[in-house]
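Hydrogens, waters and symmetry mates play no part in the numbers below; they use all other heavy atoms, side chains included.
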Amino acid sequence: MLKKTIKILEYSRIFSLPMTILSWLIVFTYSAIDSGNILYGLLSFLGIGLVHLATNLIDDFFDYKYLIKMVNFNKEEYLKNSQKTKCRYLISGKITESNILRVISAYLLTALAIGGFLYIKCGTGVLYYMLAGGAIAILYPLLSRICLSEIAVALAYGPILFGGVYYVMTGANSWEVFVLSIPSTIITVVLLYIHTIMDYEFDLNEGKKTIANRFNSELEALVVLKVLLVSAYIGVIILCITDITDWQVCLTFVTIPLAVDLYKSLAIYGSNRNEEPERCWYHRPMENLDKLREKGESSFMFRMYQSRNLMIYFSILFIIGILFSLAL
C-alpha cells in the first residue's frame, strides 16, 4: 500500500508542490500577522495542495488522450525521449486510465469536503474562490493548448490563492492582499514559462500553443522571460510604495544575480540544448544531478532546478521581509 501511495504521489508530480507551499506560506504569514485563524489557514493549504495534485493528473490525462489519437504517435519512440516525462506512467501502462480518474476524484472530493467545511465556518466568499480554483483545475488542459497556461497559473497562484487564504483566515477581502501576490505570482509563472521554452519543439509537435512557441525560436521567446523577471522585482517595490509592506521585503533583491544567471542559462540552452552551465555553489540544491546526467536529462533539469531554486529563495526572503516589516 505504501509503495502504491508513493507511486501515485510521484505520478501526481508531488515534487512540484513547493511552488504551492511557498505561495501559500506567504499569504498565510501575512494573514496570521493580521490576526487570521491559523487552523483555517492550514486547512486551506490541504485543500489547495490536493487541487494542485489533481490538476497535474488532469493535465496528464488529457495530454495522454490527445497523444494516443495522433496518427503518427509511436509509444516506443516517445518513451525514448528522456526530457519529456509527462504521461510516461500512462503510456507505459504502469497505471490504467480508470485508476487515474479514481485518484483525481479522491483528490477533488477531499478538497471539496474541506472547502465545504470552510464555507460553513467562513461564509459564502469561500464558494467563489472554490469555483474559480475548480474551474482553473478542470479547464487547465484546454487553456494550456491555447496560449493561456501562464494566465491560468497567474490567476490560480495570485488572486485565487492569496484572496482565498486571506478570506478564510480573516473573513474579509482586501485589495492589498492581491497586490501582495504580484511578485511571488510572477516568479511562479517564470517556472512554468521556462518549462514551455524548453518544451518549445515538443509542444509544437503535440499541437500545444504556448506563449513561448508563438515566437520563431527559443531565443526570441526569452524576451518574455526578461519582462517577467524584471516585473517581479518591480512588484516588490510597488509593495513598498503603496505601504502594504516596508522596505524589508527588498531582501528579495539578493536573488537578482540568480535571476540574471537563470536568464543566461536559458540563452545557452536556446543555442545548444545539450550544453550544461558550470555548476556553482549558488546553484544548489540540485538533487540527483549526476544520475540525471547519465540518463541525458541533466541539461533540462539543470534549468528547472535553477528556476525552482530562484522561487524558493525569493519566497523565503519575501516571507522574512514580511515578518520584519509587519510583525517585528
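- At distances below 3.5 Å, not a single donor-acceptor pair connects side-chain atoms of S265 with backbone N or O atoms of D261.
- With sequence neighbours left out, the side-chain contact (heavy atoms from CB on, under 4.5 Å) criterion links M130 to L112, V126.
- Taking the six-membered ring for Trp and the full ring otherwise, H52 and F45 have centroids separated by 6.0 Å or more.
- Listed for the S12 side chain is no donor-acceptor partner under 3.5 Å among the backbone atoms of I14.
- Note that the OG1 atom of T170 and the CD1 atom of I33 stand 13.0 Å from one another [nearest 0.5 Å].
- The distance between the ring centers of H283 and F302 falls below 6.0 angstrom.
- Considering CG of L22 and CG of L17, their distance stands at 9.5 Å, rounded to 0.5 Å.
- Taking OH of Y30 as the start and CE of M169 as the end, the distance is 12.0 Å to the nearest 0.5 Å.
- With rounding to the nearest 0.5 angstrom, the CG atom of L142 is 13.0 Å from the CD1 atom of I58.
- Between Y233 and F314, the ring-plane angle classifies as perpendicular under the 30° and 60° cut-offs.
- Every salt bridge (Lys or Arg N to Asp or Glu O under 4.0 Å) that R293 has, sequence neighbours left out, goes to E276, D290.
- Taking the six-membered ring where the residue is Trp, the centroids of Y129 and Y119 are separated by 6.0 Å or more.
- Scored by the salt bridge (Lys or Arg N to Asp or Glu O under 4.0 Å) test, E150 finds no partners at all (sequence neighbours excluded).
- One finds the SG atom of C240 at 8.5 Å from the CD atom of Q248 (value rounded to the nearest 0.5 Å).
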